[in-house]
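This report refers to the structure that appears directly beneath it.
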Amino acid sequence: MLEAFRLLPVYWLLVVPVLAQVCHPLPMLWMSVGGNLTAGVSVAVRLALQDLKRQPPPLGDYEVQFQLLDPQCDPAESLKALFDAMWAEPNYLLLFGGACPSVTALIARSLPALTLLQVSFEASSPSLSNRKLYGNLFSTVPSDRALNQATVKLLQRFKWTRVTVITQEGPRLSEMKKDLSRQLLKADVQVVSSESLSEDVCSSLRRLKESDVRIIIGQFEEDSASEVFCCAERLNMFGARYQWLVVDGGTSGWMLKVSGCTDDSLLTAADGSIRLQMRRLGNAKTPGISGRTPQEYQDSYLRQVIQDRSDVSPLHTFAYDAVWVAARALSQVMEAVKLREKYSSQRNVSVRGEEVQRTLLEAVKQTQFEGITGPVFFRNGERMTSIELIQFQGSRGVLVGDFSTSTQQLRLMNQLLKFTGETLNAPQTVTMTTLIRADAKRLLLQVQDLTLFFIVIRRASVDVSLGHTVSFTVLFILLLLLLLLEVSVLSTWQILDPLRRVVLQLGPQSVSEDQDQVVQLFCERCSSSNMQLWLAVVCGYKAPLLGLGCLVAWSVRTLDRPEPLSVFAVTAFSVSGLLGSLLTAHNPPIQLCITSVLVLGYNVFILSRLFGPKLDVEIESISMQLRETSELHRGTRGRHTVVQDQRLKSSSSAETQ
């Protein structure tokens, strides 16, 4: 008996520590797609398991044991592998990780029937936010809906109401684009154009440029960013006139390098653009639940990656926190089961069942701790976190704000934001309208009227002979008939299809390359619905008259008269005026100028031909009268001089005598 008491201290030193090292297993299924990225995730998972072992009870009393499933993005293989694992021992309650979006969506809908719960660290598609269909799926990576919410908040902050969207082809980004369109519609933001990022990136950007929208929302992966900004540099779609918002669920940094563009050109094109991304590393300075600060974990992870010669996974921080979510929830369920078995008449009951599933689901919903990626908690099944706004400035990304998914608040550090030019105030081309007035043409018409008035008055002052009056009597009757026809046609035109004011837009003109302004020219004209038809009617009865006049003029061409040539001139001027009017119908000021010049030239020519000779006769007659008057004046003054000389001689002779 005494020897037993002597051996008791040795027992506590040797046996008790060995018993304390015995941990209860926590079996989990790990669904993965394999590859180098999975190797990078495995490093983070291994670090999480090491940190879990150092935790105090009850969490430290359990050891997570993974059973790896590699479905290779095949839905049929995924379901087969999952069912095979579920019907074999041990009993699994939780599925860890994730696979391709199509496989994840298919398995997530099957989880309730399999009494499973999934904790993922993959990017969550907006379609997976439907809790009625995917109520057993939780992800430490925020949903892509959060990125779209941050984008809409940023647009509303700067009052950008016209945007264009360019999206890379793919299932996840297509779902993300649909959700963004719905959110923009609710926020009254107009999507002017939407393009898919095809193989010819420059063609897609060129179509966006034609839409004249300056706020461009890009949804593409990191490997396409360089090619997009390379084409943007070639098409001059950067700088003060454009603002790029790159919305992507990825968590990598800025890696701009592509063949065909220099590094400087890529940096210039990307300067000022804003990238919205998930926060991948917390900023806490104190240790979290794992006993590490985010930076301490980051350093340990990078050292281990270098040692294992594996690639860095952009999701490793989310995978680390996902292990903690799964382990904490499962350990709570196991503790509840142990407690139930202790006070129950039944022993070794199965841990699988709806009640256990509800307990596990509630444990995940109530999860709340400080993780490597920041505070980890869920609301309506979605991870609450912060969306970072990174602006590319020079050659680096600067954190200029963040969006909290829990409070739905956008915080901007305005002192760090840098915009070139007036992008915020001019999200599109500023168009200034200018009315073109035909002042010079009106002056030309006034000169024409004054000229014709002077010629007519002058003609009336010299053409007073009765012969002209008699000779134009027959022509006057014909002109009266034509005038009646003209009045009837024009009256019918105005009654049936009256003329009205029409505004015609001309081509836009840029003010300057530096100013983002365009002057839109327009002018006013009178027109009717069937303008061309009425013009055809007018020309229809005038053309035969011109033809008849030309025929008569040709028949009397041998006579030495100016009238035949005048008729030919009328026809030539009329045809030229009609052609000039039709060819310049798109520009009324030019049309008015051409027709005015032709009418003025026609009237001057006709009047000069008809009444020019009489003007010459009258001028010659006036000249002769002036010469006769001058000669008469000179003769009278000569006779007066002779008489005066005779008188002087007579007076001189008398004085001599």
Side-chain angles (χ1 to χ4, degrees), residues 28-33 41 69 71 73-83 85-86 92-149 170-183 249 278 315 318-319 321-326 328-330 333 352-368 373 376-385 387 405-406:
M28 295 186 196
L29 290 172
W30 184 356
M31 180 169 290
S32 175
V33 293
V41 169
L69 299 178
C73 290
D74 189 332
E77 289 292 332
S78 300
L79 286 177
K80 181 179 182 301
L82 182 59
F83 276 102
M86 291 297 297
Y92 295 101
L93 295 177
L94 191 140
L95 179 64
F96 181 78
C100 301
S102 58
V103 174
T104 300
L106 177 62
I107 292 180
R109 297 193 65 174
S110 306
L111 293 176
L114 298 174
T115 63
L116 272 177
L117 186 139
Q118 183 176 359
V119 176
S120 175
F121 52 86
E122 299 285 344
S124 181
S125 172
S127 60
L128 298 178
S129 299
N130 189 343
R131 303 313 299 173
K132 293 182 179 180
L133 298 178
Y134 310 103
N136 285 25
L137 173 64
F138 295 85
S139 176
T140 54
V141 179
S143 172
D144 290 334
R145 292 180 64 251
L147 287 168
N148 293 335
Q149 291 170 357
R172 175 181 150 266
L173 291 177
S174 297
E175 290 289 335
M176 191 174 177
K177 178 182 177 181
K178 294 179 181 178
D179 179 74
L180 178 62
S181 300
R182 288 191 292 266
Q183 294 196 35
M278 310 291 185
L315 299 172
F318 298 102
D321 284 344
V323 174
W324 280 86
V325 172
R328 281 169 54 88
L330 271 181
V333 171
R352 184 182 296 180
E354 294 183 359
E355 182 181 352
V356 175
Q357 184 189 31
R358 286 194 298 269
T359 304
L360 181 60
L361 184 62
E362 191 64 25
V364 175
K365 289 181 179 179
Q366 299 299 326
T367 296
Q368 187 168 1
T373 58
V376 179
F377 64 99
F378 299 92
R379 183 178 296 168
N380 296 326
E382 293 188 6
R383 164 75 187 278
M384 296 292 104
T385 186
I387 306 298
T405 57
S406 59

Verdict with supporting geometry, Ile387 and Met278, side chain to side chain contact (heavy atoms under 4.5 Å, CB included): CA-CA 5 Å; Ile387 306 298; Met278 310 291 185; 3.5 Å; yes
Evaluation steps, side chain to side chain contact (heavy atoms under 4.5 Å, CB included), between Phe318 and Thr385: CA-CA 12 Å; Phe318 298 102; Thr385 186; 5.9 Å; no
Report the C-alpha distance between Leu360 and Leu330 in whole Å, list the side-chain angles of each, state the deciding distance to 0.1 Å, and finish with yes or no for side chain to side chain contact (heavy atoms under 4.5 Å, CB included). CA-CA 7 Å; Leu360 181 60; Leu330 271 181; 4.1 Å; yes
Step by step, work out the side chain to side chain contact (heavy atoms under 4.5 Å, CB included) result for Glu175 and Asp144. CA-CA 9 Å; Glu175 290 289 335; Asp144 290 334; over 6 Å; no
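Rounded to the nearest 0.5 Å, atoms CG (Leu93) and CE (Met28) are 9.5 Å apart. If you take CD on Gln183 and OG on Ser181, they are separated by 10.0 Å, rounding to the nearest 0.5 Å. Between the CD atom of Gln118 and the CG atom of Leu29 there is a distance of 10.5 Å, given to the nearest 0.5 Å. Here CG of Leu133 is found 9.5 Å from CG of Leu128. Values are rounded to the nearest 0.5 Å. Of the inter-residue distances, the one linking Arg358 atom CZ with Lys365 atom NZ reads 11.5 Å to the nearest 0.5 angstrom.
Put simply, the side chain of Thr367 does not reach to within 4.5 Å of the side chain of Phe138, judged on heavy atoms. Inter-residue side-chain proximity for Val119 and Trp324 is flagged as unmet; no heavy-atom pair is nearer than 4.5 Å. Side-chain contact between Gln357 and Leu117: absent, with no pair of heavy atoms (C-beta onward) separated by less than 4.5 Å. Looking only at side-chain heavy atoms (C-beta outward), Leu114 and Phe83 come within less than 4.5 Å of each other. Arg383 has its side chain within reach of Val376: a pair of non-hydrogen atoms, C-beta onward, lies under 4.5 Å apart.
Residues passing the salt bridge (Lys or Arg N to Asp or Glu O under 4.0 Å) test with Lys178, sequence neighbours excluded: none. Every residue meeting the salt bridge (Lys or Arg N to Asp or Glu O under 4.0 Å) condition with Glu355, not counting sequence neighbours, appears here in chain and number order: Arg340. Under the side-chain contact (heavy atoms from CB on, under 4.5 Å) criterion, Ala81 pairs with Leu69, sequence neighbours left out. Partners of Tyr134 according to the ring-ring contact (aromatic ring centres under 6.0 Å, His included) rule, which considers only residues two or more places apart in sequence or in another chain, do not exist here. Looking at residues two or more places apart in sequence or on another chain, you find a salt bridge (Lys or Arg N to Asp or Glu O under 4.0 Å) between Arg145 and Asp179, Glu382.
Here the closest heavy-atom approach between residue Ser125 and residue Ser143 is recorded as O-OG, 4.0 Å. Pairing each heavy atom of Leu315 with each of Glu122, the nearest pair is CD1-OE1, 3.6 Å. Closest approach of Ser120 and Ala322 over heavy atoms only: O-CB, 4.3 Å.
For Thr140 and Asp321, the side-chain atoms include no donor-acceptor pair closer than 3.5 Å.
In terms of modelled atom types and a separation under 3.5 Å, the side chain of Arg379 and the main chain of Met384 share no donor-acceptor contact. Judged by distance alone, the side chain of Asn136 and the main-chain N or O of Leu361 form no donor-acceptor pair under 3.5 Å.
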Side-chain donor-acceptor pairs of residues 94-110 under 3.5 Å, sequence neighbours excluded:
| from | atom 1 | to | atom 2 | distance (Å) |
| --- | --- | --- | --- | --- |
| Thr104 | OG1 | Ala99 | N | 3.4 |
| Thr104 | OG1 | Ala99 | O | 3.3 |
| Thr104 | OG1 | Cys100 | O | 3.0 |
| Ser110 | OG | Leu106 | O | 3.2 |

